[in-house]
Each structure stands twice: as C-alpha cells, then as structure tokens.
Amino acid sequence: EPCDAASIPMTQELENTVRRMDPDTATQILIAVRGTLVALRGDVASLTLTPETREVLRRIDAYIGHVDAERARLAA
C-alpha cells in the first residue's frame, strides 16, 4: 500500500510541533530527526533486502523527504 508520510499521525504531530516553535529551534529539531532517520535507514539497508525491508526503506525515505520539505519551508 502507498505510504504518504504526510498522512502518518507521527509525521503530522512533528509538523504541528515544529510549526509552533521558533524557526531556529525547529530547524535544530528537524536536523536531529533527519539524522536519526538516516542512521535508521543505514541500519535497515545493511539487512538482507526483502520486500519488507524495501518497504521500510521506502517509508523512511518518505519521512526524510517530509523532514526536508519542512526544513525548506522554514528556510524560505
């Protein structure tokens, strides 16, 4: 099934939280979240590729894309 990060409640909660913060703090939070996602992606990528691990990688990539979009919005 398709995974749109924007439709995932945790992603929405993160977005709502950072939008209530001052831009500098929000950017720091997003950088930390992105770093965690990249580390997790590396851990998953080191596993044997299966349909399940590919799906997890796809979902992590969607989360990373969402975090990057929020950072771009803050930088604008």
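If you're wondering where the values come from, they're calculated on a predicted model, not measured in any experiment.
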- Distance in Å, Leu40 CG paired with Leu57 CG, rounded so as to fall on 0.5 Å steps: 9.0 Å

- Task: Identify whether Leu47 and Ile64 are in the same connected component of the hydrophobic contact network (ILVMFWY, side-chain heavy atoms under 4.5 Å).
- Result: no

- Task: Decide yes or no on side chain to side chain contact (heavy atoms under 4.5 Å, CB included) for Arg54 and Thr50, but give the supporting numbers first.
- Result: CA-CA 6 Å; Arg54 282 187 189 93; Thr50 65; 5.5 Å; no

- Message: Using 0.5 Å steps for rounding, measure from the CD atom of Glu70 to the CG atom of Leu74.
- Response: 6.5 Å

- Message: Once salt bridge (Lys or Arg N to Asp or Glu O under 4.0 Å) is applied, do any residues pair with Arg71, and if so which ones, sequence neighbours excluded?
- Response: none

- Heavy-atom side-chain contact between Met21 and Thr17 under 4.5 Å: yes

- Query: Say you draw a straight line from CG of Leu30 to CG of Leu14; how long is it, rounded to the nearest 0.5 Å?
  - Reply: 5.5 Å

- Message: Using the side chain to side chain donor-acceptor pair (under 3.5 Å) criterion, which residues pair with Thr25? Sequence neighbours excluded.
- Response: Asp22

- Message: Would you compute the distance between atom CD of Glu15 and atom CZ of Arg73 and round it to the nearest 0.5 angstrom?
- Response: 7.0 Å

- Task: Hey, could you give me the CZ/OH distance between Arg41 and Tyr63, rounded to the nearest 0.5 Å?
- Result: 15.0 Å

- Message: Can you confirm whether Asp61 sits close enough to Leu37 that some side-chain heavy atom of one is under 4.5 Å from a side-chain heavy atom of the other?
- Response: no

- Query: Would a 4.5 Å heavy-atom cut-off, applied to side chains only, mark Val44 and Ile60 as touching?
  - Reply: yes

- Item | Polar side chain donor-acceptor pair, Gln28 to Asp24, under 3.5 angstrom | no

